Number of protein chains: 2
Amino acid sequence: MPTCDVNLVDSEKVQKVRTAIADKDTLFRMAELFKALGDPNRVKIIWALATEELCVCDLSSAVGMTPSAASHQLRSLRNLKLVKFRRAGQMVYYSLDDKHIEMLLAQGLEHVQENRR
Amino acid sequence: MPTCDVNLVDSEKVQKVRTAIADKDTLFRMAELFKALGDPNRVKIIWALATEELCVCDLSSAVGMTPSAASHQLRSLRNLKLVKFRRAGQMVYYSLDDKHIEMLLAQGLEHVQENRR
DNA sequence: TGAATATATGTGCATATGTTCATATATCTT
DNA sequence: AAGATATATGAACATATGCACATATATTCA
């Protein structure tokens with residue numbers, strides 16, 4: 001791999017940083033979590049579910065997606081344990097299953113609002 | 001677009017959710033922010049810069065990427081105003097330019113640590 | 001000025017992602 | 001049981017993403 005010629009400008013700093021950074025698996029799972037929030041429609045879905053428990057039908061109507069598309073996204077959110085669900089007859093009601101998500105959303109919103117173009 | 005036959009199970013809830021959700025542009029920019037955190041290498045980079053101001057060379061060494069790859073990622077982080085930089089001779093030193101990012105990282109880390117597989 | 005070094009950028013490519021469409025499954029109603 | 005409805009899933013497709021590689025730019029130093 002190409003590196004700088006001195007190889008390192010300040011190897012002490014580099015060493016410090018290396019030990020500070022989390023392990024590979026943790027990094028991967030953090031990225032996985034953020035990636036789940038990295039799509040406007042999923043932000044919408046999560047925001048909707050933060051507001052109200054909803055069945056797939058109402059959810060997809062609220063966020064303007066087809067039930068199929070919503071269902072696909074719900075599956076990945078389910079796999080990440082970000083949403084939970086309960087069946088009630090033909091309907092399946094989804095809601096958030098993670099206390100961090102709402103805080104993340106709130107932080108993200110703050111960031112965006114403080115950096116209006 | 002395919003919808004449920006009743007069209008809506010609970011249109012009042014749907015209406016409530018619709019008004020609760022942010023506007024399109026805000027949603028897009030929130031997703032954009034989270035997407036920036038949605039890659040293990042970028043989490044690494046941001047974590048590294050949260051620890052220490054670093055030049056591209058030391059940064060890429062610390063996170064195990066080629067300087068080129070790091071530079072590419074730094075560009076997108078720059079475009080999102082998540083990192084700032086200063087030139088010092090041949091080197092360019094990068095650091096975080098957003099107070100929310102560290103909190104987001106911390107939240108994400110917490111989530112991951114509380115959901116160990 | 002010219003060589004060397006750090007960083008930036010353009011291009012191409014392999015892979016990942018999100019949606020649509022078709023179809024499957026589950027539940028309710030008659 | 002059969003039809004209707006809500007949800008889930010599989011496949012295919014267009015687009016986005018991240019990296020390597022080549023090359024450009026900027027700065028230092030001889």
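Predicted, not measured: the structure shown is a model, and the values here were computed from it. Just so it is clear: chains get the letters A, B, ... in the order the sequence lines come, proteins before strands, and each one is counted from 1. Quick note: numbers below take in every heavy atom, side chains included, and nothing from hydrogens, waters or symmetry partners.
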*Asks:* Between B:Leu74 and A:Gly89, which has a closest nucleotide on DNA chain C that is more 5'?
*Replies:*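 The 5'-side residue here is B:Leu74.
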*Asks:* Looking only at side-chain N and O atoms, does A:Gln73 come under 4.0 Å of OP1 or OP2 in C:dT19?
*Replies:*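 True: A:Gln73 side-chain N/O within range (under 4.0 Å) of C:dT19 OP1/OP2.
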*Asks:* Between the side chains of A:Thr26 and A:Asp23, is a donor N or O closer than 3.5 angstrom to an acceptor N or O?
*Replies:*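 The answer is yes; a qualifying pair exists.
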*Asks:* Taking 4.0 Å as the cut-off, does a side-chain nitrogen or oxygen of A:Arg42 come that near to OP1 or OP2 on C:dG18?
*Replies:*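 Indeed, a polar side-chain atom of A:Arg42 lies that close.
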*Asks:* Between C1' on D:dA20 and CE on B:Met65, what's the gap in Å once rounded to a whole number?
*Replies:*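 Rounding to the nearest Å, CE of B:Met65 and C1' of D:dA20 are 11 Å apart.
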*Asks:* Take the protein atom CG of A:Leu54 and the nucleotide atom P of D:dT7, then report the distance between them rounded to whole Å.
*Replies:*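 The answer, rounded to whole Å, is 11 Å.
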*Asks:* I need the CE-C1' distance between B:Met91 and D:dT25, as an integer number of Å.
*Replies:*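 Those two atoms, CE and C1', are 17 Å apart.
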*Asks:* Which of these nucleotides, D:dT7, D:dT17, C:dT27, is closest to any side-chain atom of A:Gln90?
*Replies:*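 Shortest atom-to-atom distance from the side chain points to C:dT27.
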*Asks:* How long is the line joining CZ of A:Arg86 and P of D:dT7, in whole Å?
*Replies:*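 Going from A:Arg86 (CZ) to D:dT7 (P), I get 12 Å.
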*Asks:* Of the candidate nucleotides D:dA8, D:dG18, C:dT9, which contains the atom at the shortest distance from the side chain of B:Arg75?
*Replies:*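 It is C:dT9.
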*Asks:* Measure from CG on A:Leu37 to C1' on C:dT17 and round the result to the nearest Å.
*Replies:*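 Spelled out: CG on A:Leu37 to C1' on C:dT17 is 16 Å.
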*Asks:* Taking only the side-chain nitrogens and oxygens of B:Tyr94, find out if one of them lies under 4.0 Å from OP1 or OP2 of C:dA8.
*Replies:*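 Yes.
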*Asks:* Find the distance between NZ (A:Lys81) and CG (A:Asp98) and round it off to the nearest 0.5 Å.
*Replies:*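 It is 11.5 Å, given to the nearest 0.5 Å.
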*Asks:* Would you state whether a donor and an acceptor, one from the side chain of B:Ser68 and one from the base of D:dC21, lie under 3.5 Å apart?
*Replies:*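 Looking at the base of D:dC21, it does pair with a donor or acceptor on the side chain of B:Ser68 (distance under 3.5 Å).
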*Asks:* Between D:dC19, D:dT7, C:dT9, which nucleotide has the shortest distance from any of its atoms to the side chain of B:Ser71?
*Replies:*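 Ranking D:dC19, D:dT7, C:dT9 by closest atom to the B:Ser71 side chain puts C:dT9 first.
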*Asks:* Rounded to the Å, how far apart are A:Ile45 CD1 and D:dT7 C1'?
*Replies:*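 Computing the A:Ile45:CD1 to D:dT7:C1' distance gives 14 Å.
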*Asks:* Round to a whole Å and report the spacing from CZ of B:Phe85 to C1' of C:dT9.
*Replies:*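 B:Phe85 atom CZ is separated from C:dT9 atom C1' by 14 Å.
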*Asks:* Toward the 5' end of DNA chain D, which comes first, B:Ala69 or A:Arg78, by nearest nucleotide?
*Replies:*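 Between the two, 5'-proximity favours A:Arg78.
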*Asks:* Which nucleotide in the set D:dC19, D:dA8, C:dG18 lies at the smallest distance from any side-chain heavy atom of B:Asn41?
*Replies:*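 Looking only at side-chain atoms, B:Asn41 lies closest to D:dC19.
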*Asks:* For A:Glu114, does the CD atom have more than 12 heavy-atom neighbours from other residues, nucleotides or ligands under 6.0 Å away?
*Replies:*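 Atom CD in A:Glu114 is crowded, with more than 12 foreign heavy atoms closer than 6.0 Å.
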*Asks:* Any stacking of B:His72 on C:dT9, going by centres under 5.5 angstrom and planes within less than 30 degrees?
*Replies:*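 Yes, aromatic ring over the base.
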*Asks:* Going by the angle between their ring planes, with limits at 30° and 60°, are B:Phe34 and A:Phe34 parallel, tilted or perpendicular?
*Replies:*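 Plane angle under 30°, so parallel.
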*Asks:* Are any of the side-chain nitrogens in A:Glu53 or A:Arg86 under 4.0 Å away from the carboxylate oxygens of its partner?
*Replies:*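 Looking at A:Arg86 together with A:Glu53, the answer is yes, because their closest N to O distance falls below 4.0 Å.
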*Asks:* Which residue, A:Asp39 or B:Arg87, contacts DNA chain C at a nucleotide closer to its 5' end, judged by nearest heavy atom?
*Replies:*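 Between the two, 5'-proximity favours B:Arg87.
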*Asks:* Whole angstrom is fine here: how far is it from CZ in B:Phe34 over to C1' in C:dG18?
*Replies:*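 These atoms are roughly 19 Å apart.
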